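The sequence lines fix the lettering, A, B, ..., with proteins before strands; numbering per chain opens at 1. All values derive from a computational prediction rather than experimental measurement.
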2 protein chains.
Amino acid sequence: MSFILKLVVTLSEENYLKAIYHLGKQGVNAVSTNAIAEKMDTKASSVTDMIKKLAEKNLVNYIKYQGVSLTKEGRLTAASVVRKHRLWEVFLVEKLHFSWDEVHEVAEQLEHIQSKKLINELDVFLDYPTHDPHGDPIPDKDGNISKTDKIILSQLQVSERCMCVGANDSSADFLKYLDKHHIALGTQIQIISKEPFDESMTIKVGDVAINISKVVSNNIYVKSQTL
Amino acid sequence: MSFILKLVVTLSEENYLKAIYHLGKQGVNAVSTNAIAEKMDTKASSVTDMIKKLAEKNLVNYIKYQGVSLTKEGRLTAASVVRKHRLWEVFLVEKLHFSWDEVHEVAEQLEHIQSKKLINELDVFLDYPTHDPHGDPIPDKDGNISKTDKIILSQLQVSERCMCVGANDSSADFLKYLDKHHIALGTQIQIISKEPFDESMTIKVGDVAINISKVVSNNIYVKSQTL
DNA sequence: ATTAATTTTTAGTCATATCTAAAAAAATAT
DNA sequence: ATATTTTTTTAGATATGACTAAAAATTAAT
Ligand SMILES: [Mn+2]
Ligand SMILES: [Mn+2]
Ligand SMILES: [Mn+2]
Ligand SMILES: [Mn+2]
């Protein structure tokens with residue numbers, strides 16, 4: 001007789017796993033205590049406490065003073081939370097008239113609702129979306145995400161054309177800035193000129209040309225148009 | 001200069017307020033500590049602890065040894081939680097293929113999501129439903145519920161006709177029993193006969209006659225058909 | 001009106017998740 | 001190589017929400 005007891009993961013633990021998941025995606029193998037603390041707006045000592053609990057539950061690999069990485073189980077749990085977060089964001093925008101700068105806060109709560117059926121049916125209801133309203137990929141049930149070859153707008157050369165496929169910074173402030181300049185997912189952009197002194201660039205959005213700072217161009221993901 | 005600071009109500013506090021709200025609906029003025037403890041499957045001492053916190057926040061009126069009642073503020077908060085619970089139940093059944101015996105557990109989680117816009121838009125999206133999948137009324141934004149003149153099936157006389165408008169017991173077991181006998185909201189029922197010795201009754205549902213116990217007829221709400 | 005039973009409250013404990021301050025280890029600089 | 005700075009961990013404290021056991025108040029019974 002074998003017992004498979006479904007591991008209970010608290011809301012707090014889910015948030016830590018998600019933070020480690022996002023930080024780990026930057027190609028780093030081990031994530032530092034301080035990085036987690038900063039991302040979660042908490043203290044390093046609190047992070048250490050939690051890491052021990054997560055290690056105890058085999059959700060992270062942890063060596064003192066050497067940072068943490070997710071185990072297979074931990075990564076799957078984190079991906080599930082991200083999947084829920086992004087599906088809910090799609091729901092809010094597509095069905096409930098939310099704008100893309102309003103969804104994050106609510107999705108932070110909804111991502112912790114526990115119900116396999118709920119999230120599966122939501123996926124069906126939304127017709128299996130692959131990306132959230134910010135252009136971020138939605139992990140599938142197994143935690144796999146479709147690789148996209150998005151690049152940062154600031155890396156493009158003058159005269160190149162591209163399409164907006166995401167925002168790196170998804171703060172309400174930045175998203176509202178994009179709205180103001182009519183930049184949304186799918187918007188066509190052409191590079192008109194680049195200023196060497198401050199690295200700002202002038203781009204054409206629709207019929208209007210606007211100048212955007214390096215900070216802005218660094219936070220817009222685009223797909224190069226090879227036409 | 002006046003400060004209106006939005007009172008923070010925890011998830012746990014919301015659940016207590018909801019329990020007091022439901023218990024208070026039975027025409028009782030003050031709700032006893034033990035009644036709350038039983039409803040919430042907790043200990044009386046825990047209830048006393050929480051009651052003090054709720055009284056401190058002016059959400060309940062509390063006199064030692066004399067039970068509690070909701071203040072205006074407490075009643076509004078409780079009604080808001082019930083509103084959310086029932087709107088989510090409608091969503092799950094209408095949009096996500098849940099059956100009426102599957103929704104409660106998930107709604108228990110969803111009812112605590114905090115977002116005015118979310119619940120208002122959900123209301124719009126569902127086209128302003130007045131009742132949840134179990135026939136229970138959905139409070140409006142001000143906490144008011146539409147009075148329905150529903151009666152208990154067991155009170156009807158032989159040959160009377162009625163329509164099912166709700167279930168008093170909304171446990172999965174009971175709801176599945178109703179499903180099995182094709183009794184749902186809106187189902188037409190006629191009383192064929194009543195047995196005096198065990199108070200069971202035979203009713204006609206569609207074309208088939210079935211015998212139901214007093215326990216069952218006590219838990220089905222109906223509206224008398226005056227045709 | 002006492003006594004007995006029930007209900008409710010208090011006192012003390014525990015687990016979770018947080019924090020501050022201090023100690024220990026690791027990384028960096030001289 | 002040693003000293004300084006930074007990072008991380010430990011130790012101890014606090015708040016929430018729950019529990020058990022015992023005391024106090026209320027209600028019911030004789
Ligand atoms: Mn988000
Ligand atoms: Mn997003
Ligand atoms: Mn319910
Ligand atoms: Mn219901």
Taking any heavy-atom pair under 4.0 Å as a contact, classify [X]: base, sugar-phosphate, or nothing.
X     : answer
A:S46 : base
B:T42 : sugar-phosphate
A:T33 : sugar-phosphate

Using whole Å, report how far [atom1] of [X] lies from [atom2] of [N].
X     : N      : atom1 : atom2 : result
B:I51 : C:dT8  : CD1   : P     : 9 Å
A:Q66 : D:dT8  : CD    : P     : 11 Å
B:M40 : D:dG17 : CE    : P     : 11 Å
B:Y16 : D:dG17 : OH    : P     : 9 Å
A:L54 : D:dT9  : CG    : C1'   : 16 Å
B:I63 : C:dT8  : CD1   : C1'   : 14 Å

Selected nucleotide, minimal atom distance to [X] side chain, candidates [options]:
X     : options                : answer
A:M50 : D:dC19, C:dA17, C:dT20 : C:dA17
A:E13 : D:dT16, C:dA17, D:dA18 : C:dA17
A:D49 : C:dT9, C:dT18, D:dG17  : C:dT18
A:T48 : D:dT9, C:dT10, C:dA17  : D:dT9
B:N34 : D:dA18, C:dT7, D:dT20  : C:dT7
A:Y65 : C:dA24, D:dA25, C:dT7  : C:dA24

Heavy atoms only: give me the nearest B:N34-B:A44 pair and the separation to one decimal. OD1-CB, 3.7 Å
Does [X] put a side-chain nitrogen or oxygen below 4.0 Å from OP1 or OP2 of [N]?
X     : N      : value
A:Y62 : D:dT9  : yes
B:K52 : C:dT10 : yes
B:K43 : C:dT9  : no
A:S12 : C:dT18 : yes
A:K64 : D:dT8  : no

Polar pair under 3.5 Å, donor/acceptor by atom type, side chain A:S45, base D:dT8: no
Assess whether a salt bridge exists between [X] and [Y], defined as any Lys/Arg side-chain N lying under 4.0 Å from an Asp/Glu carboxylate O.
X      : Y      : value
A:E199 : A:K194 : no
B:E102 : A:K117 : yes
A:E73  : A:K57  : no
B:K18  : B:E108 : yes
B:D123 : B:R83  : yes

For B:G67 and A:D41, find the nucleotide of DNA chain C closest to each by heavy atoms; which residue's nucleotide sits nearer the 5' end? B:G67
